[in-house]
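Data first, discussion second: the structure below is written as structure tokens.
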Amino acid sequence: MSRLVLIDGSSYLFRAFHALPPLTAPDGTPTGALYGIVNMLRATLKENPDYTAFVLDASGPTFRDELYPQYKANRPPMPEDLRAQVEPMKEIVQALGFPLLCVPGVEADDVIGTLALQAHAAGIPVTISTSDKDFAQLVRPGITLTNTMTGSVLDDAGVMEKFGVRPDQVIDLLALMGDTVDNVPGVDKCGPKTAAKWLGEYGTLDAVIASADKIGGKIGENLRAALGRLPLNQQLVTIKTDVALDQAPSDLTLRPRDVDALRELYTRCGFGSALRELDGGSAPPARGARPVAPAAVADEAPDAALSAPGEYECVLDAAALQAWVARLQAAELVAFDTETDSLDPMRANLVGLSFCVEPGQACYIPVGHDYPGAPAQLDRAAVLEALRPVLEDAAKPKLGQHGKYDLHVLRRHGVDVRGYAEDTMLESFVFNAGGQRHDMDTLAQKYLGYTTIKYEQVAGKGAKQILFSQVAIDDATKYAAEDADVTLRLHRVLSAKLAAEPTLQAVYRDIEMPLVPVLTRMEATGVLIDVAELRRQSADLSQRMMAAQQRAHELAGRAFNLDSPKQLGQLLFEELKLPALVKTPTGAPSTNEEALEAIADQHELPRLVLEYRGLAKLRNTYTDKLPDMVNPDTGRVHTSYHQAGAATGRLSSNDPNLQNIPIRTEDGRRIRTAFIAPEGRRIVACDYSQIELRIMAHLSGDPGLVRAFEGGLDVHRATASEVFDVPLEKVSGDQRRAAKAINFGLMYGMSAFGLAKQLGIGRGDAQDYIALYFGKYPGVRDYMERVRQQAREQGYVETVFGRRLQLNEIHSRNQAQRAGAERAAINAPMQGTAADIIKRAMVSVQDWLDGQGGRATMMMQVHDELVFEVDAGFVDTLVDEVRRRMVAAAELRVALVVDVGSGSNWEEAH
DNA sequence: AAGGACTCATA
DNA sequence: GTATGAGTCCTTT
């Protein structure tokens with residue numbers, strides 16, 4: 001059977017040039033690429049093809065340049081060392097007897113594509129010899145790819161395996177990915193895996209484009225941004241198969257080789273082994289090609305120009321310091337910032353301070369730069385003493401950006417900042433809680449149109465990042481003084497904005513700012529951890545994990561990574577053919593708890609995986625990690641509360657997150673026994689009972705719901721009694737469960753669908769329950785509708801205290817996003833009001849604690865719960881007063897109720 | 001090294 | 001169905 005081998009000369013030429021060492025001929029001319037080509041051609045000849053051609057790009061523009069003027073625009077000119085090899089290559093190709101094709105106006109790819117399809121139509125099998133993946137689009141039964149340099153062969157199945165898509169989807173895959181080399185931008189951050197995933201899900205590029213709204217995350221945004229150019233990409237990456245050619249496949253026969261010409265060429269290039277083969281091994285050994293050291297690459301560091309607006313003074317002597325202290329004393333408001341050597345304020349050392357009193361006039365006082373050759377700096381302790389009268393004077397208002405950090409640093413260096421009155425991060429947060437980021441760089445850009453010097457610009461990034469103490473003082477001055485300067489400028493803009501919104505201003509002034517020192521105090525206090533207990537638990541969990549893993553591998557019949565959802569999915573849904581009932585947001589079969597639970601009756605493995613996961617989660621996230629978080633100085637764990645993170649006004653906790661310590665399962669709850677009180681003290685936990693539901697009762701004013709809370713009854717039981725019209729004492733377990741699910745569901749803006757899933761009932765039944773509920777509590781139904789309405793009309797909803805919660809996607813064209821925003825709108829006033837209330841309570845409680853001589857300290861906040869460490873003899877007093885203050889934090893239509901507990905550890909206190 | 005996907009802990 | 005943070009795996013740069 002005859003066969004056509006089409007050789008993609010251009011791709012090999014470049015590939016060989018870059019892949020092989022820079023060989024040279026005896027006379028010094030470069031031959032590396034040639035060497036690769038010759039070996040490739042000799043290998044091809046051994047296959048003895050009936051028809052073959054060596055195809056090269058012609059010079060000059062092609063139709064693609066017309067379609068897209070930037071096509072290959074940033075491709076550098078062909079390196080001289082490569083250009084020098086083109087003519088000899090053509091000579092060798094022809095001397096070997098290969099037909100050489102070079103067609104102007106199109107690329108080699110198009111010539112190959114055309115010939116391949118012509119031969120295919122004539123029933124001649126085709127092999128395309130190339131190192132260019134784009135040819136995968138031509139693969140079909142009868143057309144395969146081969147790469148003689150790597151030895152790989154690609155047929156239909158091979159394309160599927162290598163790219164994860166069928167050959168007929170390759171064009172779409174390439175269109176999505178784009179091609180950096182050809183200057184064809186695809187979807188940003190979309191590589192072969194992502195593109196294949198989408199095509200696997202939607203089938204074609206057109207379908208992906210049509211579904212672009214459904215793809216979430218950053219990558220979804222990137223996709224939508226790229227939509228406009230994808231059709232063009234498709235055209236650009238499509239290999240033409242209808243080029244008018246002078247030759248037909250049957251014309252492409254090998255001519256006899258020209259031995260004399262080859263001998264001359266091989267000798268000139270120094271290709272010894274080729275020469276020996278040519279002359280039957282009798283040729284004199286030619287000197288071998290020798291590698292040449294690659295040219296040294298200049299190691300150019302980008303010269304990041306540091307622009308320095310404003311007059312920034314570096315304070316290096318006592319006189320300058322005194323002058324600045326005087327300016328600070330005279331100022332109405334002092335903007336300040338600290339520079340340190342760590343992001344963790346509980347470990348950071350002070351490296352310098354910056355101040356600003358007038359926009360553009362700022363100073364930097366270095367006190368800890370210790371790189372070789374650093375100028376002499378003022379003594380740190382002396383500087384802090386000089387500044388103490390300003391910083392510790394409650395009557396001298398101070399301003400910062402995320403000042404809680406600086407408060408920690410200064411506190412740990414012996415300065416107890418008082419009068420911390422303004423914070424631009426919190427101003428921004430209160431003004432626009434829907435805004436994603438409230439860091440200074442973002443705010444400066446947004447409100448001042450000013451681009452700040454980035455930390456990376458002065459300290460580098462990644463592994464090469466240096467400590468601020470290593471940054472040259474000149475650079476540090478520009479960076480640090482700018483921080484204080486920009487903070488002051490930002491404050492002028494933001495405080496004016498807040499002044500125009502009195503309710504927002506009140507949230508900022510009365511809730512957020514007073515909370516700053518309270519959080520600082522709580523973080524500084526930290527919590528005592530029983531490390532030995534956690535180690536014991538880790539060991540126990542490890543042992544059980546190993547057992548589960550071993551059993552899982554036995555059941556699977558092979559080893560696999562139990563932690564990899566991908567491998568697990570493959571095993572369960574492909575090998576074991578278990579039904580994939582749940583999909584991940586990206587459309588892949590999910591292995592989450594719900595999915596595994598659903599198939600647990602069909603195989604032992606899912607249950608085992610759940611067991612393993614539960615253990616692994618506890619060990620990896622808690623019992624292994626918490627001991628590492630113990631601060632060596634204090635012997636305690638110090639979380640950090642993020643005050644401007646959550647869109648609803650809640651706090652969040654990180655490093656470590658102490659707001660998600662397990663409680664639901666027995667193994668999990670045990671972790672709380674490791675949160676202990678020191679000798680002579682107790683842990684006291686005080687939590688609001690059903691606070692969000694009470695807020696719903698308040699906001700809706702529904703008499704039925706208000707009544708359900710009265711008399712201190714179990715609210716879910718009371719709700720069930722009303723909804724199902726049975727006496728309180730006759731409410732069944734299922735009825736209470738249903739009522740509870742509805743109560744919670746309502747707060748999350750749920751649908752009948754969601755409730756049905758939650759309760760494991762039909763959608764119709766769920767709808768009936770909701771109708772029944774709304775029949776009894778029409779005020780709740782009306783409230784829900786009012787909130788949706790407000791969200792649509794204003795773009796935001798509000799808490800009882802006037803905090804504004806922005807709903808960014810409430811008018812999204814995307815139905816799913818819009819529905820999500822509506823659910824968020826329903827939940828936000830309840831979650832946000834609860835956050836406001838506990839924040840107010842914290843300020844009030846701390847205010848009282850400050851007068852109690854350290855007999856109790858507030859240690860943690862977990863959304864509706866405050867945790868204290870209390871002298872054993874002081875517990876009763878504390879409980880009374882804390883309860884009083886927590887209850888008094890808001891006056892709602894229903895009373896707030898606080899449950900308390902105490903014990904030697906957190907678990908007991910619940 | 002950075003970022004996304006997936007999973008799962010809490011309120 | 002709301003709101004978070006974090007660990008592991010995997011892909012991309």
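Every chain is numbered from 1, with letters handed out A, B, ... down the list of sequences.
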Inset, instruction - Could you tell me whether the side chain of A:Q831 has a donor or acceptor atom within less than 3.5 Å of a complementary atom in the base of C:dT2? - result: yes
Legend entry - Shortest side-chain distance from A:S652, nucleotide among C:dG7, C:dG5, C:dC10: C:dG5
Inset, instruction - Compare side-chain N and O positions of A:S590 against OP1 and OP2 of B:dT7 and report whether any pair is under 4.0 Å apart. - result: yes
Inset, instruction - Mind running a 4.0 Å heavy-atom check of residues 797-807 of chain A against DNA chain C and sending the residues that fall below it, in number order? - result: none
Inset, instruction - For A:R664, answer base if it contacts any base atom (sugar-phosphate contacts may also be present), sugar-phosphate if it contacts only those atoms, and nothing otherwise; contact means non-hydrogen atoms under 4.0 Å. - result: base
Inset, instruction - Report which part of the nucleic acid A:A819 touches: base, sugar-phosphate, or nothing (heavy-atom distance under 4.0 Å, all strands). - result: nothing
Inset, instruction - Would you kindly check whether a donor in the side chain of A:K617 faces an acceptor in the base of B:dC8, or vice versa, at under 3.5 angstrom? - result: yes
Legend entry - Side chain A:R650 and base B:dA11 donor-acceptor under 3.5 Å: yes
Inset, instruction - Determine the contact category for A:K757: base if any of its heavy atoms lies under 4.0 Å from a base atom, sugar-phosphate if only primed atoms, P, OP1 or OP2 are that close, otherwise nothing. - result: sugar-phosphate
Legend entry - Listed nucleotide nearest any side-chain atom of A:P192, set C:dA6, C:dT12, C:dT4: C:dT12
Inset, instruction - Looking at every strand, decide which applies to A:L746 at a 4.0 Å heavy-atom threshold: base, sugar-phosphate, or nothing. - result: nothing
Legend entry - A:Y769 and A:Y773 aromatic centres sub-6.0 Å: no
Inset, instruction - Establish, with yes or no, whether the OP1 or OP2 oxygen of C:dA3 is under 4.0 angstrom from a side-chain nitrogen or oxygen of A:T648. - result: no
Legend entry - Candidates C:dG1, B:dT7, C:dG5 - which lies nearest the side chain of A:T591: B:dT7
Inset, instruction - Just say parallel, tilted or perpendicular for the rings of A:H438 and A:F429, cut-offs at 30° and 60°. - result: perpendicular
Inset, instruction - Compare the minimum distances between each of B:dC8, B:dC6, C:dT2 and the side chain of A:N592, then state the nucleotide with the smallest one. - result: B:dC8
Legend entry - Short side-chain N/O contact to C:dC10 OP1/OP2 from A:S564, under 4.0 Å: yes
Legend entry - Check: A:H716 ring centroid to A:F744 ring centroid under 6.0 Å: yes
Legend entry - Side-chain N or O of A:N657 closer than 4.0 Å to phosphate OP1/OP2 of B:dT10: no
